[in-house]
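To keep things clear, I will list the structure first and then write my remarks on it.
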There are 2 protein chains.
Amino acid sequence: MSVSRNAEMLRCCVLYYQEQLAIQQIAERLNISRFKVSRYLKEAQGRGIVEVQIHDPNVEFEHLALRVEQALGLDEVVVVPTPFEASSESIRLAIGRAGSALFDDVTPETSVSITWGRTIAYMVDSLPGGKLNGHRVVDLAGGFGEVSSSVSSRAVTLRTAEKLNAECVQVPAPTIVGNAETARSLLAEDSIRRALDLAAESQIAVTGIGPVSKDSLIYLSGFMTDADITALRKKHGAVGSIIGRFYDIEGREVESEFKSRAIALEMDRFLSIPKRIAFAGGQAKLDSLIGVARGGLITTLVTDSQTATALLEAYGPATAAEQKALT
Amino acid sequence: MSVSRNAEMLRCCVLYYQEQLAIQQIAERLNISRFKVSRYLKEAQGRGIVEVQIHDPNVEFEHLALRVEQALGLDEVVVVPTPFEASSESIRLAIGRAGSALFDDVTPETSVSITWGRTIAYMVDSLPGGKLNGHRVVDLAGGFGEVSSSVSSRAVTLRTAEKLNAECVQVPAPTIVGNAETARSLLAEDSIRRALDLAAESQIAVTGIGPVSKDSLIYLSGFMTDADITALRKKHGAVGSIIGRFYDIEGREVESEFKSRAIALEMDRFLSIPKRIAFAGGQAKLDSLIGVARGGLITTLVTDSQTATALLEAYGPATAAEQKALT
DNA sequence: CGCCCTCTTGCACATATGTGCATTGTAAAC
DNA sequence: GTTTACAATGCACATATGTGCAAGAGGGCG
């Protein structure tokens with residue numbers, strides 16, 4: 001009996017998975033009830049007797065994406081292959097290109113908010129022209145002195161609006177101003193307040209993640225000094241910036257002077273935007289990414305495989321233990 | 001769009017086959033309709049993107065069995081591993097042992113008809129005692145002078161009846177008698193006629209397949225001479241024997257003198273038994289097996305992997321062509 | 001031999017999945 | 001720019017599959 005039981009199960013597996021027969025047909029063929037077949041198949045799965053292989057070079061990236069989703073608790077993660085020549089620039093390009101897929105569900109009612117950034121600039125470039133239709137594209141924060149015209153706030157927002165065939169609303173101010181006083185008065189400006197209100201009402205936020213280093217656009221555009229960087233890191237524990245605001249490893253906005261000098265959507269209002277997509281990759285941004293994830297600052301992440309792997313290692317242990325507990 | 005299409009399909013595959021999510025759950029997670037997921041999965045299957053592997057040392061035998069079923073048009077085929085020391089005797093033993101599984105559906109209403117044979121003797125030995133319950137066990141043909149008492153008709157039928165806890169009905173005559181005259185009078189005997197009538201009414205027939213050679217029990221027990229073998233093969237094209245009757249490569253009973261000298265169930269009545277199981281293996285019986293298959297003489301076959309492979313090669317070409325046509 | 005326990009089985013029902021068809025979207029051809 | 005053909009989509013319905021439960025079969029143990 002126990003001999004034939006295995007054979008029967010095996011036969012069910014072969015007929016089901018390799019001959020593609022329906023469970024009912026298998027039951028008729030083997031003269032057993034369909035319940036039995038169903039239970040055999042379930043048991044075979046549970047015992048790991050059947051294994052499904054997916055033949056596609058990109059499975060590994062989907063796997064990574066899935067694991068990052070679970071580990072960081074994100075709604076959606078897209079992982080692109082890290083380019084062979086893994087320079088910061090090529091990674092930005094690769095990540096940016098993958099972004100267009102995230103715009104599939106943009107409708108003429110959709111309002112998109114956005115910030116400047118090098119990765120974002122690539123993303124906008126790769127958006128198809130004339131296919132998408134959105135309602136409005138609006139800045140999440142002010143701009144900055146021209147580091148490179150193509151990545152400036154003005155250019156990115158404008159070009160996105162063009163590609164989405166949508167209204168363009170900009171925040172006519174720098175991201176960071178000299179002192180809190182100036183910031184207050186600018187934020188009182190109708191044009192700025194209205195723009196930020198519109199940003200707060202958007203359904204999709206698109207942004208990059210900045211490191212707290214000399215490689216950040218905030219530094220490169222002269223909004224902060226070397227001393228600021230040191231202070232932010234050492235004194236405030238800042239690990240990254242998003243929409244011009246700095247946060248620590250737990251994703252809490254740090255209480256530095258920069259908080260009051262920023263012309264950008266307030267963090268709480270930013271967090272009320274239902275879909276917040278970050279485009280970011282590269283080893284330098286690991287801590288920045290862990291922070292946004294821990295703090296729930298974003299819902300969606302587009303990154304590269306190397307970064308994804310590193311993230312899992314840095315963030316994974318807890319999850320690995322959890323998974324063990326589940327088994 | 002086409003980029004994201006592949007990614008989406010891939011994601012569906014991973015979620016379905018590796019994360020074991022239901023199609024509906026996948027649909028919700030990816031914000032697409034369940035129909036789309038369903039169709040993606042179907043397409044992936046069709047394109048051969050997913051492949052299922054079954055981890056079990058015996059899959060290959062199930063595969064063989066399946067292919068032999070299709071190639072020879074049998075209802076059910078059981079293939080056992082050819083023993084490492086592939087002597088005729090060890091093959092018979094292996095095949096015989098596998099037979100017990102075929103008796104699962106024997107009920108107290110089941111009447112089983114049976115013939116002698118070395119493989120059958122092993123099969124009977126391996127039947128469990130005290131578990132099965134049948135109604136009647138009856139000879140399909142007469143017996144023979146004692147080649148070996150354990151495989152004699154009398155012993156096999158009797159022991160099977162014991163194991164099945166069933167009534168035992170034998171045909172009190174030799175399988176082959178000296179001339180047609182004797183056969184006619186024996187067949188007119190009440191005891192013999194009644195036994196054969198009961199055999200004709202059985203639901204399951206269990207038999208071996210004999211080659212037309214000096215290795216056949218019919219020869220070994222002295223029912224035929226070397227000259228008979230030659231005549232049967234050359235003149236009549238006989239390739240094997242079943243229930244004491246010879247048939248050619250198309251499975252047609254040959255019109256030799258042996259036909260009128262046999263004390264056995266007539267071929268047409270034999271063919272009316274719904275389930276006809278043959279136990280046979282070994283290279284020597286290849287032609288015999290092809291004959292029974294072509295003629296539809298049996299519905300079920302128990303054999304060993306080496307023989308099964310050889311059968312597919314000998315019988316397969318036509319089927320391979322058919323399969324090509326289907327593709 | 002009877003009892004109890006466990007594992008298996010089949011059924012009724014709840015759920016999940018597949019499929020033809022009408023509709024919409026899309027891209028090539030004119 | 002219009003037309004046409006074709007593929008993609010969603011829906012209603014048919015079908016297939018999963019699951020809790022109660023009945024039954026087997027298998028030790030007293």
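Just so we're on the same page: letters track the sequence lines, and every chain starts at 1.
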Report summary line: Q25(B) CD to dA16(C) P, in whole Å, measures 8 Å
Requested in this report: Please determine if E43(B) and K36(B) form a salt bridge, counting it only when a charged side-chain N lies under 4.0 Å from a carboxylate O.
Outcome: no
Query - Length of the CD1-P vector between I32(A) and dT9(C), whole Å - result: 9 Å
Using the 3.5 Å cut-off, write out each protein N or O paired with an N or O of nucleotides 18-22 of chain D and the distance between them.
residue: dG18(D); atom: OP2; partner: S38(A); partner atom: OG; Å: 2.5
residue: dG18(D); atom: O6; partner: R34(A); partner atom: NH2; Å: 2.8
residue: dT19(D); atom: OP2; partner: K42(A); partner atom: NZ; Å: 2.9
residue: dG20(D); atom: O6; partner: R39(A); partner atom: NH2; Å: 2.9

Query raised in the report: So, is S33(A) near the phosphate of dT9(C), with a side-chain N or O under 4.0 Å from OP1 or OP2?
Result: no
Query - Pairs flagged by salt bridge (charged side-chain N to carboxylate O under 4.0 Å, His left out) wherever residues 48-57 of chain B is involved - sequence neighbours left out - result: none
Report summary line: Y40(B) OH to dT9(D) C1', in whole Å, measures 11 Å
Query raised in the report: Thinking salt bridges, do R29(A) and E69(B) make one under a 4.0 Å N-O criterion?
Result: yes
**Report entry** Atom pair distance, as rounded to whole Å: CG in N6(B) and P in dA8(D)
**Finding:** 12 Å
Query raised in the report: Within this structure, what is the CG-to-P distance between L30(B) and dT9(D), rounded to whole angstrom?
Result: 13 Å
Query raised in the report: Could you give the CG-to-P distance, from L21(A) to dT17(D), as a whole number of Å?
Result: 10 Å
**Report entry** Between P of dT17(D) and OH of Y17(A), the distance in whole Å
**Finding:** 12 Å
Query raised in the report: Below 4.0 angstrom, N of the basic side chain to O of the carboxylate: do R159(B) and D125(B) qualify?
Result: yes
Query raised in the report: Do V112(A) and V206(A) come close enough that some side-chain heavy atom pair is under 4.5 Å?
Result: yes
Requested in this report: Say whether S202(A) and S113(A), considering side chains only, have a donor N or O and an acceptor N or O under 3.5 Å apart.
Outcome: yes
Query raised in the report: Are any of the side-chain nitrogens in D75(B) or K275(B) under 4.0 Å away from the carboxylate oxygens of its partner?
Result: no
Query raised in the report: How long is the line joining CZ of R5(B) and P of dA27(C), in whole Å?
Result: 14 Å
Query - Contact residues, residues 43-52 of chain A to DNA chain D [heavy atom, < 4.0 Å] - result: none
